[in-house]
Amino acid sequence: MENKPIIRKAEASDLEPLLGLLDQLKPNNKKYSQEDHTAAYKALLEITQNKDYFLKVCEIEGKLAGTATLLVQMNLSHGGKPYGHIENVVTDQAYRGKGVGGLLVEDLLREAKTARCYKVILDCAESVSPFYQKFGFKKHGSIEMRIDLE
Ligand SMILES: CC(C)(COP(=O)(O)OP(=O)(O)OC[C@H]1O[C@@H](n2cnc3c(N)ncnc32)[C@H](O)[C@@H]1OP(=O)(O)O)[C@@H](O)C(=O)NCCC(=O)NCCS
């Protein structure tokens, strides 16, 4: 890539471009209301202060090209070692296929190792699984279960 990408933790001032990126995970989402913005800003402030929550962004020439998050979850088994949960991995349409998603996933895997996680899990569509397999993820036998609470 011509302009060196910077991987860093998200800051409160990243809210607008972050919401724009997250929109690309679920196209057809309805637009954010002012209330949604206020709630998202509050959540972002809390996330940036949570040592177990790594909300990373990839910045290229001052623009957010992608984002991904790792949540380090406490655990009693496995000698009390935590496990990591990766979510919300998205590269802006304009930057796809240039290594941004890979840089973000590799960064989160480094953070998970530093936090002594014994495994990292994630859910993804079948079509995206080859992307994660490039970084060592393997399909696991279990299925995702979900209940919508609102
Ligand atoms: C999946 C996604 C994050 C990949 O980001 P990206 O920045 O384009 O990925 P990279 O350029 O870092 O690709 C890294 C490698 O994975 C490969 N790859 C990327 N997307 C792939 C896909 N969907 N299927 C197979 N391989 C893929 C690339 O070809 C590249 O391979 P290479 O190293 O051999 O060249 C991006 O396509 C995206 O945002 N998609 C929409 C949102 C989404 O589905 N996110 C996943 C939620 S679980």
Side-chain angles (χ1 to χ4, degrees), residues 1-33 36-37 39-44 46-48 50-75 81-150:
M1 219 176 302
E2 279 173 32
N3 300 291
K4 205 171 179 314
I6 298 166
I7 306 290
R8 60 167 175 81
K9 279 191 158 184
E11 297 163 2
S13 58
D14 294 318
L15 181 66
E16 284 303 321
L18 263 178
L19 290 179
L21 283 169
L22 295 174
D23 262 352
Q24 295 181 41
L25 275 172
K26 288 180 189 154
N28 306 325
N29 251 7
K30 65 179 168 68
K31 288 287 156 218
Y32 294 101
S33 66
D36 292 334
H37 268 93
Y41 187 70
K42 191 165 168 268
L44 181 54
E46 284 180 21
I47 286 168
T48 57
N50 184 337
K51 70 172 179 46
D52 295 322
Y53 207 124
F54 297 82
L55 201 178
K56 294 291 185 95
V57 294
C58 176
E59 186 180 315
I60 299 174
E61 287 185 309
K63 287 190 183 145
L64 292 203
T67 182
T69 68
L70 167 79
L71 182 58
V72 174
Q73 298 185 312
M74 302 298 284
N75 181 44
K81 285 187 179 168
Y83 61 93
H85 199 149
I86 285 183
E87 287 184 320
N88 292 343
V89 180
V90 54
T91 298
D92 186 90
Q93 291 268 10
Y95 291 93
R96 287 191 193 159
K98 298 176 192 291
V100 169
L103 286 175
L104 285 160
V105 169
E106 285 173 341
D107 179 85
L108 293 185
L109 290 177
R110 275 194 297 277
E111 296 285 13
K113 276 183 195 147
T114 304
R116 295 174 56 249
C117 289
Y118 77 94
K119 70 174 180 183
V120 175
I121 57 174
L122 60 84
D123 293 322
C124 71
E126 183 69 36
S127 59
V128 188
S129 69
F131 166 70
Y132 291 111
Q133 285 175 35
K134 285 189 178 277
F135 304 99
F137 286 86
K138 294 185 176 66
K139 288 184 193 172
H140 198 260
S142 55
I143 58 160
E144 181 193 5
M145 301 285 285
R146 164 173 170 156
I147 178 171
D148 291 321
L149 299 179
E150 60 178 48

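Whatever order the structure lists them in is the order used to number ligands and atoms, beginning at 1.
For K9, the NZ atom is densely surrounded, since the number of other residues' heavy atoms within 6.0 Å is greater than 12. In Y41, the OH atom is not crowded: 12 or fewer heavy atoms of neighbouring residues, nucleotides or ligands sit closer than 6.0 Å.
Counting the atoms of ligand 1 from 1 in the order shown, those under 4.0 Å from a heavy atom of K98 are 11 (O). Each of the following atoms of ligand 1 lies closer than 4.0 Å to a heavy atom of V100: 7 (O), 12 (O). Contact atoms of ligand 1 toward D123: 48 (S) (distance under 4.0 Å to a heavy atom of the residue). Proximity to C124 (heavy-atom distance under 4.0 Å) selects the following atoms of ligand 1: 48 (S).
Minimum interatomic distance between A10 and L44 (heavy atoms only, all atoms of both residues): CB-CD1, 4.4 Å. What you find for I7 and L104 is that their closest heavy atoms are CD1-CD2, 3.9 Å. Between Y95 and K63, the shortest heavy-atom contact is OH-CD, 3.9 Å. Between L109 and F135 the shortest heavy-atom distance is CD1-O, 3.8 Å. Between E111 and F54, the shortest heavy-atom contact is OE1-CE2, 3.4 Å. Nearest approach of L108 to K56, heavy atoms of both residues: CD2-CG, 3.6 Å.
Between the side chain of Q73 and the main chain of H85, no donor-acceptor pair closer than 3.5 Å is present. Remark: the backbone N or O of E87 is paired with a side-chain donor or acceptor of T69 at under 3.5 angstrom. Looking at D52, its side chain never comes within 3.5 Å of a backbone N or O of L71 through a donor-acceptor pair.
Under the 4.0 angstrom criterion, atom 9 (O) of ligand 1 counts as having a protein heavy-atom contact.
A salt bridge links K139 to E126: one of the charged nitrogens lies within less than 4.0 Å of a carboxylate oxygen.
Annotation: atom 11 (O) of ligand 1 to nearest protein heavy atom, G99 N, 2.7 Å. Protein heavy atom at the shortest distance from atom 42 (C) of ligand 1 is L25 CD2, 3.7 Å. Scanning the protein heavy atoms around atom 47 (C) of ligand 1, the nearest turns out to be V89 O, 3.7 Å. The protein atom (non-hydrogen) at minimum distance from atom 38 (C) of ligand 1 is R96 NE, 3.4 Å. Annotation: atom 23 (N) of ligand 1 to nearest protein heavy atom, S127 O, 3.6 Å. For atom 39 (O) of ligand 1, the nearest protein heavy atom (residue, atom name, distance) is T91 N, 2.8 Å. Protein heavy atom closest to atom 25 (C) of ligand 1, with residue, atom name and distance, is P130 CB, 3.4 Å. Distance from atom 44 (O) of ligand 1 to its nearest protein heavy atom, with residue and atom name: V128 CG2, 3.7 Å.
For ligand 1, one of its N or O atoms has an N or O atom of G102 under 3.5 Å away. Polar contact with ligand 1: present for K134 (N/O pair, distance under 3.5 Å). Between Q24 and ligand 1, no pair of N/O atoms sits closer than 3.5 Å. Looking at ligand 1, you'll find an N or O of G101 within less than 3.5 Å of one of its N or O atoms. Note: an N/O pair closer than 3.5 Å links G97 and ligand 1 by distance alone.
Across Y132, F131, Y95, heavy-atom proximity to atom 14 (C) of ligand 1 is greatest for F131.
Of all the heavy atoms of L122, none lies under 4.0 Å from any atom of ligand 1, so neither backbone nor side chain is involved.
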